[in-house]
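Counting begins at 1 with the first residue of the sequence. Basis for what follows: all heavy atoms, side chains included, without hydrogens, waters or symmetry-related copies.
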Amino acid sequence: MQPRKLYVETMGCQMNVLDSELVIGQLTARSFALSDDVSDADVVLINTCSVRAHAEDKVLSHLGALRRRKQRNPDMIVGVIGCMAERDPGGLVAKMPHIDLICGPGELNKIPAMIDELDETRRRVIALSQSQSRRSTALQRATEYDSVEALDLSRSACIQDHPTQAYVRVQRGCDKFCTFCVVPFTRGPERSRPPEQIVNEARMLVDRGAVEITLLGQTVNSYIHQDSGRAVPFSELLSRLNDIDGLERLRFVTSYPGDFGDDILQAMRDLPKVCEYLHLPVQSGSDAVLGRMRRQYSVGEYVDLVKRAREFVPGITLATDFIVGFCGETDEEFADSLRLVERIRFKNVFVFKYSERPGTVASKRVTDDVPDDVKRQRNIALLRLQERISMEHNRTLIGETPEVLVEGYSKRAVKAQEAEQTRGDEIGHEESSQLVGRTRTDRIVVFPGDIRLTGRSIKVRIKAATALTLHGELVDEDGVARMPGRLSNRVQIGG
Ligand code: SAH
Ligand code: F3S
């Protein structure tokens, strides 16, 4: 029998990227083949994000296009999975009656069974969890969680490819309830996975070729697993993972500035595999705004944490998230965010215009009163300032030779090459290949080299810098620059 074709579209955060990977793994272990062409797919799944209205609008427009496709091919199964499915299943079906499958992020392990049921009954199937589990008893929650865990546990059976970088979930959900945020509603309460499961999964990935593992959690530093009276905190989890032979780099996202103990900073300092990088969303540089967001820390406490991080972990880089135009944000409060960016000198910042989300505390108690063009101007101002700082940072790195883990072809180079090829020019990858990799501090480095360096850690001398990217050349162990041109049949690994 021909395998059925599966097309999966993923929006949103790293957690969704991992969820899609696991769903694909489950289905390809059965009778599905992954397709990158929606037009010949038998099953289309959209893994959705609800964090901002814009992300939801994009899903609706995809679904609109799929409706027309389904009219031509009524047997095609259209599924909406992830946060949007959990947040508003009724609204989705009302707008898009052609949806066949709706599955929240806590129920993704059920998708194979749901597709079987659909094949049999041709009636819409729905699996949701989190909204109920907030009301359920601890015992019920524990059983529900066991079933959710099946998704991560299924990984050993079904991932066929061998990525050099992999995500591992350490925690689900979030208990912080920042007033703007929909995540606690879509992904449910915070639960930490047992450390043995995490370590086993990481070891299996390393055995299959992963050299870098990124641990995922909404507030990853608040990870704590209670096991027969003994608590395993995040720092201990890092230490256990650091012991995995063959693993080179360990990262984790996203950290919450409120629960960040010195034990984690010590672990970052002492464990050689843990990279010198923190994604530490601050959201605002104004205490009044942080209060309205219910972020549970002050600007002073954030600055103090950054200071301690820099003391413990020399050379550490920091990335952050800001929301601009949160309810009632004045010019002066926004200026506090600019001042904080100047003061901390982040490696990079992600800036989001506030988007009111139904069901959140902010949507019920405060008004989304900052006009969109003001949000847009603040967004631009913050990004411009950061661009200047990133540029200044990056220029200081010219002449250095950091260790770079090679990720593959640089996307920009691939795009340029595809454009060339559609114009009929023939360019061999060997001649033109621009590779991309990252330093331990999460800086992006582009340099010419052979694609077979992917997954290797090499030394690259930085020759030029933009705000977002460093450009360099490979160097031999003795520090001499190496021409990549004819490396194709004799890969030399440097550094
Ligand atoms: N702790 C989570 C946060 C998830 S949301 C994590 O894993 O990163 C990611 C970012 O989106 C937040 O840090 C915040 O800056 C932004 N965000 C969340 N809700 C938002 C909203 N309603 N409007 C605009 N930005 C939002
Ligand atoms: Fe959202 Fe705040 Fe949790 S931003 S994911 S509620 S820490």
Side-chain angles (χ1 to χ4, degrees), residues 13-14 17-18 21 162-168 202 205-206 209-216 220 238 241-242 244 246-255 268 271-280 309 313-321 345-350 386-387 389-391 393-415 433-475 484 493-495:
C13 62
Q14 290 107 325
V17 173
L18 173 60
E21 190 182 316
H162 306 271
T164 56
Q165 294 165 295
Y167 291 133
V168 173
L205 289 160
V206 170
V211 287
E212 177 178 286
I213 287 198
T214 302
L215 308 177
L216 300 185
V220 66
L238 287 176
L241 288 161
N242 187 74
I244 297 177
L247 178 66
E248 287 179 28
R249 289 183 176 187
L250 196 50
R251 299 184 184 280
F252 51 91
V253 285
T254 302
S255 297
M268 293 181 80
L271 302 172
K273 295 176 186 173
V274 181
C275 292
E276 298 78 14
Y277 167 73
L278 271 185
H279 184 183
L280 200 59
V313 190
I316 192 171
T317 57
L318 297 152
T320 199
D321 299 352
R345 297 182 71 81
F346 295 101
K347 175 181 74 72
N348 63 307
V349 304
F350 299 91
Q386 179 58 38
E387 192 180 329
I389 292 169
S390 298
M391 190 72 205
H393 252 317
N394 284 353
R395 282 213 181 111
T396 65
L397 300 173
I398 294 176
E400 290 195 3
T401 50
E403 178 200 286
V404 172
L405 177 64
V406 185
E407 295 179 359
Y409 286 122
S410 149
K411 282 211 183 89
R412 191 178 291 175
V414 169
K415 271 197 192 131
S433 50
Q434 288 288 326
L435 303 183
V436 67
R438 266 168 219 263
T439 64
R440 288 174 58 97
T441 52
D442 202 50
R443 289 198 167 89
I444 297 168
V445 184
V446 172
F447 57 97
D450 190 290
I451 190 63
R452 279 172 285 179
L453 290 169
T454 303
R456 310 295 295 249
S457 291
I458 49 156
K459 293 274 184 191
V460 177
R461 172 165 307 117
I462 306 305
K463 291 167 64 184
T466 66
L468 291 178
T469 316
L470 300 169
H471 294 267
E473 63 186 7
L474 284 167
V475 290
I493 312 295

Under a 4.0 Å N-O cut-off, is there an ion pair linking [X] with [Y]?
X: Arg251; Y: Glu212; answer: yes
X: Arg438; Y: Glu407; answer: yes
X: Lys463; Y: Glu473; answer: yes

Are side-chain N/O atoms of His279 and Asp321 paired as donor and acceptor at under 3.5 Å? yes
Quick one: do Leu215 and Leu241 satisfy side-chain contact (heavy atoms from CB on, under 4.5 Å)? Show the steps, please. CA-CA 10 Å; Leu215 308 177; Leu241 288 161; 3.6 Å; yes
Do the non-hydrogen side-chain atoms of [X] and [Y] ever get within less than 4.5 Å of each other?
X: Lys411; Y: Val436; value: no
X: Leu216; Y: Val253; value: yes
X: Phe346; Y: Leu280; value: no
X: Val211; Y: Leu405; value: yes
X: Lys347; Y: Tyr277; value: yes
X: Phe350; Y: Thr320; value: no
X: Arg443; Y: Thr317; value: yes
X: Leu238; Y: Phe252; value: yes

Checking Leu470 against Leu397 for the side-chain contact (heavy atoms from CB on, under 4.5 Å) test, could you report, in this order, the C-alpha distance in whole Å, the side-chain angles of both residues, the deciding distance, and whether it holds? CA-CA 8 Å; Leu470 300 169; Leu397 300 173; 3.9 Å; yes
Measure the [atom1]-[atom2] distance between [X] and [Y] for me, rounded to the nearest 0.5 Å.
X: Ile451; Y: Gln434; atom1: CD1; atom2: CD; value: 11.5 Å
X: Asp442; Y: Cys275; atom1: CG; atom2: SG; value: 8.5 Å
X: Arg456; Y: Asp450; atom1: CZ; atom2: CG; value: 11.5 Å
X: Leu318; Y: Thr441; atom1: CG; atom2: OG1; value: 10.5 Å
X: Ile398; Y: His471; atom1: CD1; atom2: NE2; value: 10.0 Å

Mind running side-chain contact (heavy atoms from CB on, under 4.5 Å) on Val406 and Ile458 for me, showing each step along the way? CA-CA 8 Å; Val406 185; Ile458 49 156; 3.6 Å; yes
Chi angles and distances behind the side-chain contact (heavy atoms from CB on, under 4.5 Å) call for Ile462, Val445: CA-CA 8 Å; Ile462 306 305; Val445 184; 4.0 Å; yes
Any donor and acceptor pair, going by atom type alone, linking the side chain of [X] with main-chain N or O of [Y] inside 3.5 Å?
X: Ser433; Y: Gly449; result: yes
X: Ser457; Y: Glu403; result: no
X: Thr469; Y: Thr466; result: no
X: Asn394; Y: Ala467; result: yes
X: Arg440; Y: Val274; result: yes

May I ask you to check whether over 12 heavy atoms, not counting those of Glu387, lie within 6.0 Å of atom CD? no
Does a sphere of radius 6.0 Å around CZ in Arg395 hold more than 12 heavy atoms from other residues, nucleotides or ligands, not counting ones at 6.0 Å or beyond? no
Which pair of non-hydrogen atoms, one from [X] and one from [Y], has the smallest distance, and what is that distance?
X: Ala309; Y: Ile316; answer: O-CG2, 3.9 Å
X: Pro448; Y: Leu474; answer: O-CD1, 3.9 Å
X: Tyr167; Y: Val17; answer: CE1-CG1, 3.8 Å
X: Gly408; Y: Thr454; answer: CA-OG1, 3.6 Å
X: Gly246; Y: Val206; answer: C-CG1, 3.7 Å
X: Ala210; Y: Ala166; answer: CB-CB, 4.4 Å

Exactly one of Asn242, Ile213, Leu205 clears side-chain contact (heavy atoms from CB on, under 4.5 Å) with Leu247, and that residue is Ile213
